[in-house]
Structure formats: structure tokens, C-alpha cells
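Some notes on the structure that comes next.
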Amino acid sequence: MSSLEIVLHDSVNDAQADLWFAEPAGFMALPLDTLLAEPDSVDAERLHAAVAPLLDAAPGEMVRQQLVAQLASGQQMLATLCDFGTVHCSIGLHRDDVGGPASSGAQQPLLSLFTISWRDTNVAPRAVTAARAVTAGEGHTDIAFQELPCGPAVLSETTHRPAADSGLPQQPLLQIHAHLPHPDCKRLAVLALSTTATARREEYRAILRQVAETVRFEKPLGADS
């Protein structure tokens, strides 16, 4: 039997981190520091170097400008997320093979967006804070309280549809949340998994639960590792 290989990310030794977690396969973290870098910074130079080959390969100036506009739109979305306390963002790509190859729509790629955000809260017991997170907002369904290795947590779901005048496709957006109060009882980590693949809510809920179970608020390898 072959041994299981575990690869540790450099962030496991980040002395400034407030939260550690593990993502399952199929997710690619977006480098927020680079994508939202200040002009003339080192990160901005890295972004330009990474994007340059793509722009140079564009078949014409119109396509090149479209790529630049799409990048700017993505940066604007990420900046908005960060304004609301988002500290991590990943894009998920999975194959829809539920039901076997003969099922309708099988083998189609499924896209999702995974984020981690911090919210300040009133000082209260952690279980109370987790419960308030879903009772104070509207539209939360399938609410479940769980005791995870990092402490009490509440999982919930919301479904939204873009405004008719937004210009976005009128597809319902499923968001699955995990609310994890920090041990200092002053803030709340919110894990959210968003997707338009509403028919796969059970599978996405299982993915988010899997990630939430890995969350630690203390360095997982110990202070001397």
C-alpha cells in the first residue's frame, strides 16, 4: 500500500495568520495581493509579467482590449469582496459526473467560488454568535448547528437571483455558508461556496463541510514546527 503524501503550503508557518484550513482538490486560489496590487509595486510587476503573454497572443487589438476589460472587471469584483472583509478567494472547477455517464448533463464542468471573510461581532459566547449569524439575516435555509474541531459552527444556505436590470444571466445563485466564531468571541469567520449549479447543492454542501472541518484558529503544527 502506497503512503499518503501531504503537501504543506508555506502559509502554514505564517505568523500573521488568524485561521488555517485545507481546500480539497479542484480549487485554485486567486492571488489577491497580486491581482489588487498598487501601481508600480512589485506585485503589480508580477501581474503585468503574467498577463503579458496572454495579451501578446491575442489575435487582434479588439480581442486584446476585451481581455483587458475582463481583467479590470474581475479586479473590481475582487476589490468589492475585500471591502466586505474577504481574505481568501478560490475558483472551483469540478466535473459533473453524478449519476454516471449516461445521465443527462453528465461530464459537464461545474464552476464555483469559495471565499473566506471576517466579520466583527458583539462579544458573546461562540455558539450564540454562530446562531445570530443566520437568524439576523433573511433567507437562510437548511440551518444546521455543528460542533467542529475549531469550535461551534452553523451551516446554512441562501439562494439569490440577479436583479432584472443587472445585465447578468437570470440564473439562481446558491450560496452555502459556514459560520465559525473565533475564540476571541469578537469576530466571525464566514466560509461561503457559491455556484449556479443548484441541482448539486448536496455535493457542494459536503465540500464546504469538509473544508470547515479542517479549520483551525491556532497553528495546526504547533508553535515550534
Side-chain angles (χ1 to χ4, degrees), residues 4-33 78 81-92 94 112-159 174-195 200-225:
L4 177 64
E5 181 179 357
I6 299 176
V7 179
L8 298 179
H9 191 272
D10 290 342
S11 60
V12 75
N13 294 315
D14 185 356
Q16 304 300 318
D18 293 314
L19 177 152
W20 288 263
F21 68 100
E23 281 179 334
F27 287 90
M28 181 181 69
L30 298 179
L32 296 179
D33 290 342
L78 292 175
L81 288 175
C82 290
D83 287 342
F84 284 92
T86 298
V87 294
H88 177 85
C89 184
S90 295
I91 295 177
H94 298 86
S112 60
L113 183 69
F114 171 68
T115 60
I116 297 179
S117 305
W118 285 106
R119 296 181 190 169
D120 293 331
T121 64
N122 294 326
V123 177
R126 297 169 70 188
V128 173
T129 297
R132 285 176 177 172
V134 294
T135 56
E138 296 182 358
H140 286 272
T141 62
D142 295 299
I143 299 171
F145 179 87
Q146 293 190 337
E147 192 68 39
L148 300 180
C150 66
V154 170
L155 272 67
S156 66
E157 298 177 15
T158 57
T159 303
L174 170 68
Q175 291 188 303
I176 303 173
H177 312 268
H179 305 84
L180 313 176
H182 191 274
D184 64 12
C185 300
K186 298 179 181 179
R187 50 187 168 156
L188 179 77
V190 181
L191 282 60
L193 190 54
S194 307
T195 180
R200 296 291 175 251
R201 65 176 64 242
E202 290 300 327
E203 287 75 23
Y204 278 113
R205 189 178 180 101
I207 289 175
L208 187 64
R209 185 184 301 111
Q210 178 184 354
V211 177
E213 289 174 348
T214 70
V215 171
R216 299 293 187 274
F217 292 117
E218 296 181 355
K219 189 175 178 181
L221 299 183
D224 299 327
S225 57

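- At most 12 non-hydrogen atoms from other residues, nucleotides or ligands lie less than 6.0 angstrom from CG of N122.
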List the atom pairs, donor and acceptor, that lie under 3.5 Å between side-chain atoms in residues 205-213 and the rest of the protein, sequence neighbours left out.
residue, atom, partner, partner atom, Å
R205, NH1, D142, O, 3.2
R205, NH1, E157, OE2, 2.9
R205, NH2, D142, O, 2.8

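- Using cut-offs of 30° and 60° for the angle between ring planes, the F217 and W118 rings count as tilted.
- Remark: the backbone N or O of A22 is paired with a side-chain donor or acceptor of T214 at under 3.5 angstrom.
- Surrounding CZ of R119 are at most 12 heavy atoms belonging to other residues, nucleotides or ligands under 6.0 Å away.
- With values rounded to the nearest 0.5 angstrom, I91 atom CD1 is found 7.0 Å from L113 atom CG.
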Take L180 and L148 through the side-chain contact (heavy atoms from CB on, under 4.5 Å) test and state the conclusion after the steps. CA-CA 9 Å; L180 313 176; L148 300 180; 3.8 Å; yes
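- In this structure, CZ in R126 is found 8.0 Å from CD in E147, a value given to the nearest 0.5 Å.
- In terms of modelled atom types and a separation under 3.5 Å, the side chain of H179 and the main chain of P152 share no donor-acceptor contact.
- Here the OH-CD1 distance, from Y204 to I176, works out to 9.0 Å after rounding to the nearest 0.5 Å.
- Side-chain atoms of C185 and T129, non-hydrogen and from C-beta on, never get closer than 4.5 Å to each other.
- Between S90 and A29 the shortest heavy-atom distance is OG-CA, 3.4 Å.
- Scanning all heavy atoms of the two residues, the minimum distance from C82 to L32 falls at SG-CD1, 4.1 Å.
- For the pair L188 and A133, the tightest heavy-atom approach, listed with the atom from each and the gap, is CD2-CB, 3.7 Å.
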Tell me, with the steps shown, if E203 and T195 meet side-chain contact (heavy atoms from CB on, under 4.5 Å). CA-CA 11 Å; E203 287 75 23; T195 180; over 6 Å; no
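- For the side-chain contact (heavy atoms from CB on, under 4.5 Å) test, residues two or more places apart in sequence or in another chain that qualify with F84 are T80.
- Every residue two or more places apart in sequence or in another chain that forms a side-chain contact (heavy atoms from CB on, under 4.5 Å) with T86 is listed here: L81, T115, S117.
- Note that the OG atom of S156 and the CD atom of Q175 stand 9.5 Å from one another [nearest 0.5 Å].
- Taking CG of L191 as the reference point, atom CG of L19 lies at 7.0 Å (rounded to 0.5 Å).
- Residues F27 and H94 form a side-chain contact, since some pair of their non-hydrogen atoms from C-beta on lies under 4.5 Å apart.
- Taking the side chain as every heavy atom from C-beta outward, F145 and V134 never approach each other to under 4.5 Å.
- Side-chain contact check for P181 versus T121: every heavy-atom pair is 4.5 Å or farther apart.
- Contact annotation: the side chain of H140 approaches that of H177 to within less than 4.5 Å [non-hydrogen atoms, C-beta and beyond].
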